[in-house]
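Everything numeric in this text was worked out from a predicted model, so none of it was measured. Letters A, B, ... are given to chains in the order of the sequence lines, protein chains preceding strands, and every chain is numbered from 1.
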Amino acid sequence: MDSNNDSFVVDGKLALPYQYFAGRTGSRFIIAIRDEKKIKGLECKKCNKVYVPPRATCEHCFCDIKDNWVDLDSTGTVTGFTVVRYEEPHHPVKAPFIQALVKLEGADTPFVHIVQGVPVDEMKTGLKVKAVFAEETTTTIMDISHFEPA
Amino acid sequence: MSSGTDQKVTIADIFGSMESRVNPDGVKGVTCNCGYKITGEGGGEYTVTVKDGDVKVLEGIHSPDVTTTASAENWINITLGKLDATTAFTSGMIKIDGDMGVMGKAAMFFQKYRPPAPEVTIQDIFGSMESRVNPEGVKGVTCKCGYDITGDGGGQYTVSVDDGNVKVLEGIHEPDVTTTSNAQNWIDITLGKLDATTAFTSGMIKIEGDMGVLGKAAMFFKKYIPPGGEIEEQEELLMLPKVISVPQKFNTGPKMGKFLKGLIDKKLYANKCPECKRLQIPPREVCAECIVRADEFVEVGPDGIIQVLDITFFASPDPLTGESRETPYVSAHILLDGCKGHETLWHELNPANIKTAKKGDRVRPVWNENRTGSVSDILYYELIE
Amino acid sequence: MKKNRNVGIVGVGQSAFSSHREDVNQPELINEAVNEALEHAGITLNDVDCVVHGNMELFEMVHQPDMWHTLGTGAYGKETIRVTTGGTTGATLVCVADNLVASGMHDVVMAIGFEKLQEGNTTAGITNMSDPLWGRRLQTGALTGVFAQKAIDKYGEEKAKKAAMKYRIIMDKHAMKNPKAHRRLGLEFDEMDTLAENSPTLVGDLKMIHMCSQSDGACVVIFASEEKAKEICKQPAWIKDHITVHREEAYCAFGDAPHTTTHEYAAQKLFKRNGITSPVDELDVFEMYDPSCWWGIDWISEFMMISSDEAMKLIEDDEIMIGGKIPFNPSGGVIASNPIGATAMVRVAEAALQIMGDAGEHQVPGEVNQALASGFGGVMWTVLLLLTKEAPVWNE
Amino acid sequence: MARRVAICAVSQTKFVRNNTTQRFQEMELDVLESLREQVDIGFADEGGIGMSINVSNDVFDARTISDAPMTDVLGAHMGCEEKVDQDGAQAIIYGASAIMSGHCDAVLIIGHCRESQGQSRNMCTNLTFDPFFTRPVGLDYCSAAGFQAQAYLSKSGITEEQLAKIVVKSRENASKNPYTPEAPRVTVEDVMSSPMLCDPIRELHAYPVSDGAVGMILAAEDLAVKLTDTPVFFNGHGNNMDSFYLGDRDLTSNFALKGAAERAYKRAGITDPKTAFDIVEISDQYAYQYPMWLEGLGICDEGKAGELIDSDNANGPAINASGGMLAGNPLNLGGFVRAAEGAMQLMGKAGDRQVKGAKTALAHGVVGPAGQFHTVVILGSD
């Protein structure tokens, strides 16, 4: 690359508006959290598994499971985690914070959420946690504000 | 289209509920007035004013930037999502005058309208029972079920089944089993909003007498359809509006860099293919026809003639800022002096020239006073009178 | 060219196309088309070896969306590939599937084209294809009045506008026969003038009534090797040939200087190597990617290798209608339904349904032995696919 | 039987943290020119390059149809150009299929990625997650890897020190690789004391941000042997998709990679992967992936990766002689560069990092969060 290179860098943006739809299945799941403070799973009767987050089709046997709602407990167990220590604009809370896989009582699959109320360096797999519901809705999984030790 | 079943949805309610349905993200930083002329029965005139995120809905039309005209029936159907707005727009069912760009934003102002729950009465539930008999469910059954519905709008009824023959009587008459519930809970159970077993175990409803009969009673009737039509259609479906923005550092590379830097000195550089000699402006690294690097630059223009012009009335957000631009504007391909054939430069024309500009007219650039090496160093091209 | 082995289309699935699919999320929308295609082919997901996926990330702003979409595509535990090429994506996916099966890599491949345009801003998304430092401030999506102007210059205002609206209404009449179509307006020929007058102007003489829709939808096509195809399907639609012609980016293709368009170039090459000399007579149906009726009327001559006067006559004499000499878009075309990442695949899917005889109410009368489908996108890019009823025979 | 396909030429740019002097097009043009210097081939339906494949990504490029501005530098003006929007290793499979099907005789593939362009690559990969359930909690590829690393380390018993050794070795190898000039040598202590990104992944455990381009030309066997004395044959391939939601998977099971490898070995007729290869190039975006992917590929037995690290795999194949992804390649190009490296080794053109007499190579690529999708390509000098 020659030294009299005319190249320079221009600050810009990729900025576009979106509106995402949760669909009927996703809406029912989030509305139950928002209005009833209740977390629900969907059961595949063929695979004998209760899934969270909800999905209309079982990924493994490909059958329709969208009406097989099961009420779950709002307490569960941490099956895996990481402590996020880098800062990014897309983070829901300031780093460092704990992202954890939480398996609710009655569910077969854990899902990722935030755990608070534990010093980040003392976080352990196996921790019993309970859901803390958000005061204001964002119409997403963040209607559960976070999990904290049960 | 089943607007007849939505008698509870009114234009007044749609506009009246708007202030409570504001989507803060959708109105952030927006200032505009949108007028609505809703014609026909139940219509009215309204103006939605948005002032930097602050939303007011006024009756009447007040200095609108854009005005939408539609019949009450069409507007209700659009609001309920039963009629596609674009289809309605395209086929002339609604008319829009004024700034189309504002209309694009208006779609994001409010959260979805949810019509008030249809008027469901205990009287209607029991009154419609005889017409909802499920012949399979009552075949060979003989029994009497009493219902004591308490509270506002309540009443007493007896469902009498005599070997498949069903009568619904007012009052309680020698029942085999009696169900007691308040009116609201019974409506919710009927509509499927409240689970009957839950209601029973939690004491919300009481049952006295032969429980076995009640098990059969669940099969006596077909589903109750409230006067407003299927409730299911009105199930809330969540929508999540987001502006996704990722800051970028765009590199010019030496070719585009040379061209952009030239603009600072009011110079326009094209690069030339060493083989076919064609020019590219803005320059690209390679000549696509000959697949060779094109390193030689020549100065062209700055004046030229209009080769192609597109007068644009449709505003879309500028992807670099998310902001919508003003319309109309003219997107033009200009054949600069020293260029030939398709070797045109893409830019805009002075909006003041829209009415008169035509292909072949001579134009010159109007330079921005603050030039930084970007597309906006040229404000636009204008006609040379 | 000698193809290693033949490839047949054995199943087609389409979600209903609509601007209102708030009841499903992205994987669920795809799933509808996947299930329909499996059912049409009479196979199960277990029979599928590989899933091909495509759409444009910026329309929904989901990065590597095939990851999330696995919930609806059925790709779990399978081989997959994701290919995308703008508006041509759907057609490119067919070429990918054809190559994957013809090469012997896979016996049964399922290709999925998808878009949920309601979730983004289509025009802004398309504008983002321009150079960030120059054209991005100037472009307005895929909207341009250039083709209207070109036709008006060529035929005079009255004749040109009449042809455009005639074409528009023919597409709507076709869409009325296709229950999957998004825009089914019930237009009549005698409404031509008032429709055009009342419709809002977009760019130049391009009005909203002329332009294609923005739709949510997914299209799925299942491909099988000759041996498998014959096992699975009574009448597969065979892929005889395909050609892709892209062109450079910014070089202005508009204006007077003569040049061969990608459409002409692709058509001439494809027809030559398949021995087709008179496409209008030899083809039985053409599903053309027509972003607006102005582009539609302009491109007939380019694809059919006829003069523009002959093309005008085809429109005026109803020869492009179902029942005509060379029916265009019995499905209603892109003007009726346009889920962009799926759109070009819908062209192929619909052409295949015509050959299979499964197009229902919009089935063209008579034998469909040869069908053409086109994809359009990018910077005036084109993809052409030739389908046949008879399995092709390849000589050394 | 379909005809065989061979790689005739490969080229890559230097991968640097922030290339401020070129835009994408010029990076790819450098690669194209280098490829055309190596082999004398033009663009033509028969006997020439009949298809050009671009490897790039719309979100990373901040550009819809990110291949549109590349058509000219791919030589595909008025020709066939397509884009594979996954790891470039997938483009090799697709390119090979187009030749094997008979559709064309030669294929050009060039990919680019500039991880330095957007504010952060994590902001881009956060957009992989669905908008309602996984995006809002702030997941990105880095934190998804954190989950997997945590689970894998506790299952495998791989130690902090062993992870550090992987990085040290990668940098040592990279010092002989002219294409990764910005991967300075480090010590085990440097790695172990580098700040945590997301536990247990440390800064030096993560692949660096980089900009660059890579390409190759594939041709049918009869053409390839005319173009070059050192054709590298495409002998097998496989890929496999896992579930999307992290909680639906066993993050330590290597489900996708095992399936991909099994398919590739079957197609290439390989029965013992431990002895089958001279060169193994894997996409280790994070240090923990090095042992985990090697186990998944069957290069070492499950639970034995620690021993492999400690012994420096003295008796096995050369693993990531290039330095691997840990020494610096952007997302999308990881597996593609691995295949290019494998091909250079088999051509005997790998300079200071050349492994003598290398005849067979395995290249591995990965797409998606925590290895949702893996690709394996097997190359041989015959």
Side-chain angles (χ1 to χ4, degrees), chain A residues 1-40 53-56 66-72 86-92 133-144, chain B residues 23-26 28 30 81 104-105 107-108 111-112 114 193-195 198 232-233 235-264 269 271 283 285 295 297 316-324 372-376:
Chain A
M1 283 156 252
D2 55 320
S3 55
N4 54 14
N5 192 316
D6 281 312
S7 184
F8 61 102
V9 175
V10 179
D11 285 327
K13 240 196 230 176
L14 171 69
L16 291 167
Y18 293 89
Q19 41 181 356
Y20 294 109
F21 292 92
R24 180 160 284 129
T25 305
S27 295
R28 284 180 181 171
F29 175 83
I30 291 165
I31 288 167
I33 294 173
R34 183 191 69 188
D35 296 350
E36 299 169 49
K37 313 280 178 231
K38 193 181 271 180
I39 309 171
K40 291 167 177 264
R55 72 285 315 262
K66 66 175 177 289
D67 294 320
N68 310 345
W69 290 102
V70 178
D71 285 348
L72 304 173
Y86 52 91
E87 305 264 1
E88 289 288 0
H90 62 263
H91 286 163
F133 294 95
E135 308 215 327
E136 278 188 36
T137 181
T138 57
T139 70
T140 70
I141 194 74
M142 297 314 279
D143 281 9
I144 302 169
Chain B
N23 167 26
D25 283 342
K28 203 156 71 185
V30 176
K105 288 183 189 167
M108 300 289 279
Q111 277 149 7
K112 206 173 150 109
R114 300 184 67 198
K193 285 190 193 165
L194 177 62
D195 174 30
T198 310
E232 227 169 332
E233 282 307 306
E235 181 172 351
E236 184 181 1
L237 296 171
L238 298 177
M239 189 264 277
L240 178 64
K242 282 268 171 205
V243 173
I244 291 176
S245 174
V246 183
Q248 304 284 327
K249 290 194 177 302
F250 293 114
N251 270 34
T252 65
K255 298 289 186 296
M256 192 71 174
K258 166 95 177 167
F259 169 74
L260 291 172
K261 280 181 178 171
L263 298 176
I264 298 174
Y269 292 110
N271 68 338
E285 283 70 6
D295 290 336
F297 282 90
S316 68
D318 179 339
L320 299 178
T321 61
E323 294 293 314
S324 286
T372 57
S374 87
V375 60
S376 55

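- Remark: B:Lys261 NZ is packed, more than 12 non-hydrogen atoms of other residues, nucleotides or ligands lying under 6.0 Å away.
- Closest non-hydrogen pair, B:Gln248 versus A:Lys13, comes out as CG-C, 4.0 Å.
- Atom NZ of B:Lys255 and atom CG of A:Asn5 lie 8.5 Å apart (nearest 0.5 Å).
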Would you sort out whether B:Thr252 and A:Val10 count as a side chain to side chain contact (heavy atoms under 4.5 Å, CB included), showing the intermediate values? CA-CA 7 Å; B:Thr252 65; A:Val10 179; 4.0 Å; yes
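- We find that A:Arg34 and B:Glu236 are joined by a salt bridge, their nearest charged nitrogen and carboxylate oxygen being less than 4.0 Å apart.
- Nearest heavy atoms, B:Met239 versus A:Phe21: CG-CE2, 3.4 Å.
- Nearest approach of B:Leu240 to A:Thr139, heavy atoms of both residues: CD1-OG1, 3.8 Å.
- Pairing each heavy atom of A:Phe8 with each of B:Leu260, the nearest pair is CZ-CB, 3.8 Å.
- With hydrogens and angles disregarded, a donor-acceptor distance shorter than 3.5 Å links the side chain of A:Ser27 to the backbone of B:Leu238.
- B:Lys258 approaches A:Asp6 most closely through the heavy-atom pair CD-OD2, 3.4 Å.
- Heavy atoms closer than 4.5 Å to chain B are found in the backbone of A:Thr138, but not in its side chain.
- Side-chain contact check for B:Lys242 versus A:Gln19: every heavy-atom pair is 4.5 Å or farther apart.
- Smallest separation of non-hydrogen atoms from B:Gly253 and A:Ser7: N-OG, 3.2 Å.
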